[in-house]
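Side chains included, hydrogens not; waters and symmetry mates left out as well; all remaining heavy atoms used.
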Amino acid sequence: QVQLQESGGGLVQAGGSLRLSCAASGRTFSSYAMGWFRQAPGAEREFVACITWSGDITYYADSVKGRFTISRDNAKNTVYLQMNSLKPEDTAVYYCAVGPITSYYSDDYNYWGQGTQVTVSS
């Protein structure tokens, strides 16, 4: 159906930046919301950001607000997460997801990528 592939993760020093991409295949993003989640070792998966189908409304977790920016390019079937001023506590596996509504909750999403590792060192 829909396959999502994250890329752009890696190792970065605190204060640095990374840009994550999530490319979709098998189906377009039309009429679907997109979200980013992350999961650190020993922790539950948590919401990071989400965006409406039109891209006109975005939501962010308080922990990343002002530092991260979510965007999408429907013509390229791609969603992005620009991460600036990275902190060690941002270290996690980052997942992109597609769902029918714009939501903070992982259960509302239908399709998930395999994740990409982001590691922030001091």
Side-chain angles (χ1 to χ4, degrees):
Q1 292 180 312
V2 176
Q3 290 134 22
L4 304 174
Q5 180 64 58
E6 302 95 337
S7 62
L11 177 64
V12 65
Q13 293 184 347
S17 298
L18 286 173
R19 183 178 176 86
L20 305 184
S21 298
C22 176
S25 61
R27 190 177 181 182
T28 68
F29 289 176
S30 181
S31 300
Y32 282 88
M34 295 288 299
W36 285 95
F37 293 78
R38 66 187 183 185
Q39 188 168 26
E44 296 182 351
R45 186 172 297 184
E46 65 172 339
F47 169 79
V48 176
C50 60
I51 187 169
T52 59
W53 168 77
S54 63
D56 59 335
I57 301 175
T58 58
Y59 298 93
Y60 298 92
D62 289 340
S63 59
V64 306
K65 193 174 299 181
R67 299 187 297 119
F68 291 11
T69 302
I70 187 172
S71 62
R72 67 189 297 169
D73 186 341
N74 289 349
K76 297 180 179 179
N77 292 331
T78 301
V79 174
Y80 306 95
L81 185 68
Q82 178 67 46
M83 305 185 295
N84 298 327
S85 302
L86 283 162
K87 306 174 181 179
E89 49 263 45
D90 294 319
T91 296
V93 177
Y94 283 70
Y95 301 89
C96 65
V98 175
I101 60 173
T102 308
S103 175
Y104 297 98
Y105 305 106
S106 60
D107 287 348
D108 289 331
Y109 293 85
N110 304 109
Y111 305 100
W112 293 82
Q114 296 300 306
T116 185
Q117 177 70 49
V118 172
T119 303
V120 184
S121 62
S122 300

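In plain terms, the two heavy atoms of R72 and W53 that are nearest each other are NH1-CA, 3.2 Å. Of all the heavy atoms in T78 and S21, the pair that sits closest is CG2-CB, 4.4 Å. Between C22 and M34, the closest heavy-atom pair is SG-CE, 4.3 Å.
Counting heavy atoms from C-beta on, the side chains of L20 and V118 come closer than 4.5 Å. C96 places a side-chain heavy atom less than 4.5 Å from the side chain of L4.
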Report all side-chain donor-acceptor pairs from residues 9-19 shorter than 3.5 Å, counting only partners two or more places apart or in another chain.
| residue | atom | partner | partner atom | Å |
| --- | --- | --- | --- | --- |
| S17 | OG | N84 | OD1 | 2.9 |
| R19 | NH1 | Q82 | OE1 | 3.4 |

- Evaluate the side-chain contact (heavy atoms from CB on, under 4.5 Å) criterion for residues S63 and R38: first the C-alpha distance (whole Å), next the side-chain angles of each, then the deciding distance (0.1 Å), finally the verdict. CA-CA 12 Å; S63 59; R38 66 187 183 185; 3.5 Å; yes
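Listed by chain and residue number, T91, V93, T119 satisfy the side-chain contact (heavy atoms from CB on, under 4.5 Å) test with Q117 (two or more places apart in sequence, or in another chain). In this view, S103 and D108 satisfy the side chain to side chain donor-acceptor pair (under 3.5 Å) rule, not counting sequence neighbours. Shown here are the salt bridge (charged side-chain N to carboxylate O under 4.0 Å, His left out) partners of R67, two or more places apart in sequence or in another chain: D90. Applying the side chain to side chain donor-acceptor pair (under 3.5 Å) criterion to Q39, with sequence neighbours excluded, gives no partner residue.
Linking ILVMFWY side-chain heavy atoms closer than 4.5 Å, directly or via other members, places I70 and M83 in a single hydrophobic cluster.
Sorted by first and then second residue, the ring-ring contact (aromatic ring centres under 6.0 Å, His included) pairs with a member in residues 55-105 read F47-Y104, Y59-Y104; sequence neighbours excluded.
Looking at T58, T69, L81 one by one, the single match for side-chain contact (heavy atoms from CB on, under 4.5 Å) with I51 turns out to be T58.
Under the 30°/60° scheme for interplanar angles, the aromatic rings of W112 and F37 are found to be tilted.
No donor-acceptor pair under 3.5 Å is formed between the side chain of Q114 and the backbone N or O of Q5.
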